[in-house]
Protein chains: 2
Amino acid sequence: MSPTKMPTERTVTLKDVAEHAGVSPMTVSRALNKPATVSETLRARIGASVESLGYVQNLVAGALASAGSNVIPVIVPSLSNSVFVEVIAGIQDVAQAAGYQLMLGNTEYDLDREYGAVSTFLGWSPPGMIIAGMRHLDRTRNLLKRWGKPVVEMMEYGTQAIDMNVGLSHYKAGETMATHLVTQGYREIVFIGCRIQADYRAAQRYKGMDRILARHGLHRREPISYDGPSNWALGGDALMDVLEATPKVDAIFFANDDLAVGAILRAQREGVAVPKRVAIAGFNGLGLADLVQPGLTTIMSPRLEIGRVAARQLLDRFAGHTPAKRRVDVSFQLQVRGST
Amino acid sequence: MSPTKMPTERTVTLKDVAEHAGVSPMTVSRALNKPATVSETLRARIGASVESLGYVQNLVAGALASAGSNVIPVIVPSLSNSVFVEVIAGIQDVAQAAGYQLMLGNTEYDLDREYGAVSTFLGWSPPGMIIAGMRHLDRTRNLLKRWGKPVVEMMEYGTQAIDMNVGLSHYKAGETMATHLVTQGYREIVFIGCRIQADYRAAQRYKGMDRILARHGLHRREPISYDGPSNWALGGDALMDVLEATPKVDAIFFANDDLAVGAILRAQREGVAVPKRVAIAGFNGLGLADLVQPGLTTIMSPRLEIGRVAARQLLDRFAGHTPAKRRVDVSFQLQVRGST
DNA sequence: CTGAAAGCGCTTACAG
DNA sequence: CTGAAAGCGCTTACAG
């Protein structure tokens with residue numbers, strides 16, 4: 001009874017449907033793909049044949065014959081980060097509604113793997129591609145440029161896009177948060193994140209912060225970076241570590257809200273007064289940021305929006321228009337709450 | 001300079017590489033797909049030609065000729081639920097390492113859309129498929145059965161699998177939590193979730209709980225169901241609602257940890273004593289459950305594990321073995337913490 | 001170890 | 001509105 005053992009019945013093809021309906025394969029193809037070009041009588045007859053034979057279109061053959069498919073590859077650096085997941089959900093919303101399928105690639109923040117994913121995906125003759133980030137290997141950029149089809153680089157906003165681009169300036173986000181902290185009177189500020197070497201968007205936020213600290217003549221510190229993906233518990237550990245190692249720190253800018261929320265929950269349990277003893281700030285704008293006590297000061301990044309815009313930019317180009325904006329800065333918003 | 005305007009250079013094909021290297025296309029195909037079957041001299045020459053021409057294999061043509069691709073469709077009911085995302089990450093881990101790509105389908109808990117996704121995906125001649133849940137339309141089941149290739153139904157564990165299956169019994173999970181609550185002395189227990197009509201796994205947890213309440217002769221209540229996807233804030237609102245509407249409730253079993261954590265955070269802010277005034281329990285085992293105060297009593301479900309096992313079951317079958325177990329019960333674990 | 005032939009199941013482009 | 005021919009770019013199955 002194992003399915004592999006079942007004698008697989010010969011696949012039903014267009015030709016079978018055509019014979020069953022007494023028309024040519026071409027007519028069946030039209031009835032299926034451009035119903036309006038086929039007379040109603042035939043359309044009905046063909047529909048009945050499709051139904052009774054259990055015909056399923058072979059999309060692979062279709063893609064080969066027409067040199068194009070409706071599958072859009074999406075390449076992200078991580079799936080353990082909820083941010084990318086939300087972006088993917090945004091892309092799905094728009095793409096699936098327009099009849100496109102998503103193919104998923106995960107690079108684990110490795111640019112060589114990114115190249116591999118890109119070149120494999122190109123082999124599927126997709127109509128376009130969405131890729132996270134604007135830093136790639138030269139050969140990846142060249143491959144995509146030579147390819148010539150629509151490409152959206154998302155998450156960050158920049159001037160050197162391969163083609164289209166949607167995101168925000170992480171550097172400015174870092175500046176904004178740092179300015180807020182300095183204005184609030186904090187003087188000993190530290191940045192804490194995970195795999196900052198690879199997650200260069202986090203690194204850009206650090207640099208934005210560092211610039212502001214420099215401008216104000218404040219103490220500048222190297223960012224503290226932990227290995228592995230970030231999670232809530234780690235934020236709490238990081239908080240306790242830094243308070244012990246560098247007691248005079250009076251504010252922490254975490255690379256993301258997961259870490260920052262974890263830190264606030266831990267502070268509460270350990271009796272560390274936030275923001276009195278130490279202020280805590282994050283980045284992303286998770287729903288949770290507003291529920292902990294004190295509320296987390298953070299920067300809202302429009303993740304769903306980034307995904308939706310990326311998909312729309314692609315769809316616009318598929319439809320032949322130049323999208324209204326080839327580069328979209330979705331910006332961000334500082335949310336000040338009790339933690340700072 | 002828009003990529004669409006660039007005169008797309010003719011695609012480089014196998015034949016081009018063959019001519020460049022002075023061999024037959026067949027030899028190039030072998031060098032690429034089964035390097036061991038080609039002499040080293042030729043392999044090197046072909047590699048050089050591939051490099052210099054910038055050849056990218058056309059996977060669509062390959063899939064058509066060999067009647068199979070390396071793309072595995074994964075169909076889930078939601079992407080806004082972090083549970084499915086983790087499962088997908090687990091599948092990716094295993095599948096991508098083995099050279100398979102994932103194609104993503106989201107049904108939004110709609111069985112008709114599920115049927116659509118399944119039949120579209122079949123058109124891509126995948127070697128197998130992974131689908132969440134064991135409840136489908138009859139025609140979906142029939143389509144997959146007739147298809148005859150490996151199919152894994154994941155998330156729940158059951159006896160009526162189309163083919164292979166990995167998950168856990170949500171009914172038993174509900175029984176387990178209810179038994180715990182009753183043992184702790186709670187008597188007025190209510191179940192709160194989101195779109196319980198569609199999310200029948202949550203409904204099964206409710207039923208498991210209901211059975212235990214009945215057995216103990218306790219007050220049985222209809223589950224409370226909110227529309228739309230669950231989120232942290234909603235859990236807090238639900239808590240306040242139920243305390244006002246049904247003051248004698250002394251324990252809440254939330255359909256998931258997102259809701260339950262939200263409820264605990266809200267209780268803390270509103271000065272509702274947990275578990276004294278009301279006990280709170282969840283389901284999933286999010287990392288956050290251990291960080292809030294009091295810690296959340298919940299049921300750990302091995303989400304990454306489910307994904308990994310599903311992928312491995314598929315890979316086993318691709319390799320021709322019957323997997324060790326065709327149906328895998330990954331089970332679950334009750335985690336008792338301060339909230340009950 | 002290498003190659004010539006046939007074909008995978010569609011769609012494009014041309015006729016009528 | 002409908003159809004016969006050619007071809008998309010590979011791989012399978014057979015020879016040598």
Side-chain angles (χ1 to χ4, degrees), chain A residues 8-47 49-50 53-71 119-120 122-127 147, chain B residues 8-47 49-50 53-71 119-120 122-127 147:
Chain A
T8 311
E9 310 139 39
R10 203 178 59 74
T11 345
V12 180
T13 69
L14 247 204
K15 215 174 137 199
D16 299 322
V17 177
E19 278 167 14
H20 185 104
V23 296
S24 77
M26 208 37 243
T27 304
V28 179
S29 171
R30 287 200 188 94
L32 261 30
N33 300 318
K34 296 174 190 168
T37 65
V38 174
S39 72
E40 190 164 336
T41 345
L42 281 189
R43 217 187 306 151
R45 212 159 81 208
I46 291 169
S49 299
V50 165
L53 294 177
Y55 171 65
V56 173
Q57 254 190 84
N58 186 324
L59 270 15
V60 175
L64 179 57
S66 66
S69 76
N70 64 344
V71 175
S119 67
T120 300
L122 289 190
W124 283 102
S125 314
W147 185 45
Chain B
T8 311
E9 311 140 39
R10 203 179 58 75
T11 346
V12 179
T13 70
L14 246 203
K15 215 174 137 198
D16 299 321
V17 176
E19 277 167 15
H20 185 105
V23 296
S24 78
M26 209 36 245
T27 304
V28 178
S29 170
R30 288 200 188 94
L32 260 30
N33 300 318
K34 297 173 189 169
T37 65
V38 173
S39 71
E40 189 163 337
T41 345
L42 280 190
R43 217 188 307 150
R45 212 159 81 209
I46 291 169
S49 298
V50 165
L53 295 177
Y55 172 65
V56 172
Q57 255 190 86
N58 185 324
L59 270 15
V60 175
L64 178 58
S66 66
S69 75
N70 65 346
V71 175
S119 67
T120 301
L122 289 189
W124 283 103
S125 313
W147 186 45

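Keep in mind it's a predicted model, so treat the numbers as computed, not measured. Order of the sequence lines sets the chain letters (A, B, ...), proteins ahead of strands, with each chain counted from 1.
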Write down the distance between [atom1] ([X]) and [atom2] ([N]), rounded to a whole number of angstrom.
X	N	atom1	atom2	result
B:Met26	D:dG9	CE	C1'	12 Å
A:Lys34	D:dT2	NZ	C1'	14 Å
A:Arg43	D:dC1	CZ	P	9 Å

Taking the minimum atom-to-atom distance to the side chain of [X], which one of [options] wins?
X	options	value
A:Arg30	D:dC10, C:dT11, D:dT2	D:dT2
A:Ala65	C:dC8, D:dG3, C:dC10	C:dC10
B:Ser29	C:dT2, D:dT11, C:dG3	D:dT11

(message) On DNA chain C, does the nearest nucleotide to B:Leu64 precede the nearest nucleotide to B:Thr37 from the 5' side, or the other way round? Give the residue.
(response)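 Its nearest nucleotide lies further toward 5', so the answer is B:Thr37.
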Does a side-chain N or O from [X] land closer than 4.0 Å to OP1 or OP2 of [N], or not?
X	N	result
A:Thr13	C:dC8	no
B:Asn58	D:dC8	no
B:Ser66	D:dT11	no
B:Ser39	C:dT2	yes
B:Tyr55	D:dC10	yes

(message) Test your reading of the model: is there a side-chain donor-acceptor pair from A:Arg30 to the backbone of A:Val38, 3.5 Å cut-off?
(response)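 No, because the side chain of A:Arg30 does not come within donor-acceptor range (under 3.5 Å) of the backbone of A:Val38.
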(message) Looking at B:Pro25, is its backbone amide N or carbonyl O close enough to the side chain of B:Ser29 to form a donor-acceptor pair, meaning the two atoms are under 3.5 Å apart?
(response)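 A pair under 3.5 Å: no.
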(request) Could you please name the partner base of D:dT2, counting Watson-Crick and G-U wobble pairs only when both distances are under 3.5 Å? (result)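 Result: C:dA15.
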(message) Using a heavy-atom cut-off of 4.0 Å across all strands, would you classify B:Leu42 as base, sugar-phosphate, or nothing?
(response)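 Sugar-phosphate contact only - B:Leu42 comes under 4.0 Å of backbone atoms but never of a base.
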(message) Does A:Val38 reach a base, just sugar-phosphate, or nothing at all? Heavy atoms under 4.0 Å.
(response)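 Sugar-phosphate contact only - A:Val38 comes under 4.0 Å of backbone atoms but never of a base.
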(message) Out of the candidates A:Val50, A:Leu32, A:Thr13, only one should pair with A:Gln57 under the side-chain contact (heavy atoms from CB on, under 4.5 Å) rule; please name it.
(response)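 Single pass found, and it is A:Leu32.
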